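All values reported here derive from a predicted model rather than from experimental measurement.
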Amino acid sequence: MTPVPPQPWVALIGPEIEENLALRSLAACLTRAGYGTAIVPFANGSQLGPALAAVLDAPSPPLLVAVSLAFQWRALDCLAWIMALRKRGFAGHITAGGHFGSFAHAELLRDFIELDSLCCHEAEETLVALADALRDKRPLDAIAGLATRDQDGRIRLEAPRPIHDLAQLPWVDRRGEPASCLGHRVATLVGSRGCYHHCSFCCIAAWHALGGGKKLRLRPVDDLAAEMAVLHHEQGIDIFVFHDDTFFLGSERASRERIEALGAALAARGVRRFGTVVKARPNDVTPALFAAMRERCGLLRLFLGIESDATQGLATLARGVSSPQNHAAMEVLDRLGIYVCSNILLFDPDTSLESLEANLVFMERYGETPMNFGRVELYAGTPLLGRLKSEGRAVGSYLGHDYSMAEHQVQRVYELAKSCFHERNFADTALANRLMGTRFDVEVCRHFHPERFDPAWLAEAKALSLALARDSAAGLRAIIAQAQSPAPQGLLDEFAAELSMRLRTTETQLRRRAQALEEMVQAAVGQRCHHVRPLLDSRPVWTTIALDQPA
Ligand code: B12
């Protein structure tokens, strides 16, 4: 029987691909304030109906429905869900929030009458204040961070109030079974909010400026270590996946002090056998820092933000990193034997044939590193969107912008690459992403079960990535050659069909090898991997905490 949520309650709707730290942080704050909550997963079309039912068929209607508009590419789905909820008769307050919703609050409130308000920027305090006001039937016009319509339909935003001290926030709600890899339970978390850099394609710098606070805030080490220790001792978590935009601070000394302090704080709390997954910019990679990161903080996998190795790409993306820094970082990490994966933004508005070649050379040279590649998208709040708008090159509306590359031939390469490589790079079963997971299994075994680890598995994982990288580079070079010849559309279609078939054949072979490798590792450890969180099955999870119980 579905447990009845405590009264009054708030429905939090959004993707739970992994634990959704935003919804879970909001849930924790609402719980602390005495509300019941349901986290209702809505990550794809198949969850639309069940998510509606979770609200409409609940034993009592929620006080408030709050929908995630963090991800711009899913905004239309989420808005359609909101419209469907209204059509089916829900008359209560509907709000939304997250990155996209915040940047586009004025347009969204103008165009979607179904939305009553929008929580702009970090919503922990705003959402609780909104719930309090609705419960007490008070006006909503003085709530910091809330955008509403006034009586004349004018949209007004009460300036957000930045959360200066992240330690004042409760730890995120961990309801549901955690994911696991080879029997090692996984939790996602953040140790900071913001980033010290400001790349042109990323909205995070503008996002924190919108909030009016510092561009980077760190959780105190003690607060972070205390949460990790509780997760470790009480929930058996031993893999911590950090979603910080960057785990490092742009200064070797400051970064080193923080990870040494974290390592010591964890050891003092009896957390000794654990692994971490973090992200870094190449300029942060030094031998001493990463040796310490591995020894003190159990580094299992590093997501290294390469994005581009072409001089033009690095400039367009405003990376603040040079190609020699990219190479130096890759070499340091290779010498230390650290598992790295990466992403290349092969196409951006200024990409030239020369920059494509520079990135292909990089992908081949470090082919043993699992990588994926794609095009830079124009997200709300990014300087790149601002630039393309001012150049008259951004097409579409605030709901989604598109662009063409300045060089016609590069645009042709992109269109062919998109059709031939979608399956490999972006489908649900994309091999480029799967190989990152295969290697992760191998690394988890190497880290936690050295006695059962066979070095041949690591060699095979690297060989799989190398084979994929070489095949992708060869396919892309064939596309580049084709795009430069003035072939009629019919011939281009034929070329794309033939190349796609060749790519699929390689994928089938490599997928089989990856499967065999995963099975060997799992058999050696005697445990399988459960990457999918149970909340993905669409059933809402109610809190069972009673109203008067302390959080
Ligand atoms: C973790 C993460 C993911 C996880 C998602 C986990 C999940 N939800 O299941 C994974 C790795 C799967 C992922 C995937 C993608 N991601 Co991502 N991701 C992040 C990341 C690094 C951290 C988010 C986080 O958890 N932060 C911690 C929480 C506590 O903070 P928060 O998210 O900011 O939430 C606060 C506010 O935003 C607001 N809020 C957020 N959600 C909601 C919802 C409601 C109802 C309300 C009221 C308020 C609210 O209140 C929260 C509390 O203060 C952000 C970067 C960032 N720093 O935010 C990118 C980011 C959100 N991702 C981004 C993108 C582009 C993607 C992908 C499209 C990448 C890709 N090419 O595949 C996919 C799309 C996924 C999808 N929905 O289909 C962009 C979004 C840009 C945009 N506006 O669309 C971001 C901002 C990265 C960036 N720098 O540009 N991502």
Side-chain angles (χ1 to χ4, degrees), residues 17-18 43-44 46 177-186 188 238-239 241 275 277 300-303 337-344 363-364 366-374 419-476 499-534 536-537:
I17 303 166
E18 303 172 342
N44 55 51
S46 73
E177 271 295 296
S180 68
C181 180
L182 301 175
H184 298 277
R185 298 177 133 207
V186 183
T188 60
D238 50 16
I239 299 178
V241 176
V277 172
L300 249 179
R301 186 186 92 164
L302 174 69
F303 185 87
I338 287 172
Y339 169 31
V340 180
C341 47
S342 212
N343 201 21
I344 301 286
M363 281 161 59
E364 287 174 307
Y366 301 105
E368 291 184 346
T369 299
M371 281 191 209
N372 204 344
F373 61 87
S419 85
C420 299
F421 279 92
H422 177 83
E423 175 83 21
R424 174 171 298 192
N425 292 8
F426 300 113
D428 284 347
T429 52
L431 187 64
N433 296 335
R434 160 87 174 261
L435 291 188
M436 294 183 184
T438 310
R439 171 82 180 265
F440 191 68
D441 292 358
V442 170
E443 296 287 348
V444 167
C445 178
R446 177 161 77 127
H447 185 81
F448 289 105
H449 308 278
E451 72 294 346
R452 292 184 221 170
F453 174 71
D454 181 346
W457 298 336
L458 184 54
E460 171 68 349
K462 289 181 177 179
L464 285 168
S465 293
L466 184 60
L468 188 71
R470 286 186 174 154
D471 190 64
S472 293
L476 285 163
L499 176 62
S500 298
M501 223 160 66
R502 283 207 324 257
L503 297 177
R504 299 302 82 81
T505 306
T506 311
E507 285 154 26
T508 306
Q509 290 160 359
L510 296 181
R511 194 171 280 118
R512 249 186 239 131
R513 278 170 61 185
Q515 173 91 27
L517 177 55
E518 288 162 15
E519 282 168 6
M520 264 189 296
V521 176
Q522 292 176 9
V525 178
Q527 293 278 353
R528 298 186 66 76
C529 291
H530 303 282
H531 292 297
V532 176
R533 275 67 182 160
L536 262 184
D537 73 1

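The closest side-chain heavy-atom distance from Val442 to Phe453 is below 4.5 Å. Side-chain atoms of Leu300 and Tyr339, non-hydrogen and from C-beta on, never get closer than 4.5 Å to each other.
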Could you walk me through whether Thr506 and Arg502 pass the side-chain contact (heavy atoms from CB on, under 4.5 Å) check? CA-CA 7 Å; Thr506 311; Arg502 283 207 324 257; 5.7 Å; no
Evaluate side-chain contact (heavy atoms from CB on, under 4.5 Å) for Val525 paired with Phe448, printing each intermediate quantity in order. CA-CA 10 Å; Val525 178; Phe448 289 105; over 6 Å; no
Taking it one step at a time, do Asp441 and Cys181 satisfy side-chain contact (heavy atoms from CB on, under 4.5 Å)? CA-CA 7 Å; Asp441 292 358; Cys181 180; 3.4 Å; yes
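With values rounded to the nearest 0.5 angstrom, Met363 atom CE is found 11.5 Å from Ser465 atom OG. Distance CG/Leu503 to NE2/His422: 13.5 Å, rounded to 0.5 Å. In this structure, Met501 CE and Thr505 OG1 are separated by 6.5 Å, a value rounded to the nearest 0.5 Å. Remark: Ile239 CD1 to Thr188 OG1 distance equals 12.5 Å, nearest 0.5 Å. We find the CZ-CD distance between Arg424 and Glu507 to be 4.5 Å, quoted to the nearest 0.5 Å. Separating the CG atom in Asp428 from the CD atom in Glu423 is a distance of 10.0 Å, to the nearest 0.5 Å.
The stretch residues 447-461 participates, sequence neighbours left out, in these side-chain hydrogen bond (donor to acceptor under 3.5 Å, both in side chains) pairs: His184-His449, Glu460-Arg513.
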Side-chain polar contacts of residues 432-439 - donor-acceptor pairs under 3.5 angstrom, sequence neighbours left out - could you list them?
unit_1	atom_1	unit_2	atom_2	d
Asn433	OD1	Asn372	ND2	3.0
Arg434	NE	Glu518	OE2	2.8
Arg434	NH2	Gln515	OE1	3.0
Arg434	NH2	Glu518	OE1	3.2
Thr438	OG1	Arg434	O	3.0
Thr438	OG1	Glu518	OE2	2.7
Arg439	NE	Glu443	OE2	2.8
Arg439	NH2	Glu443	OE2	3.1

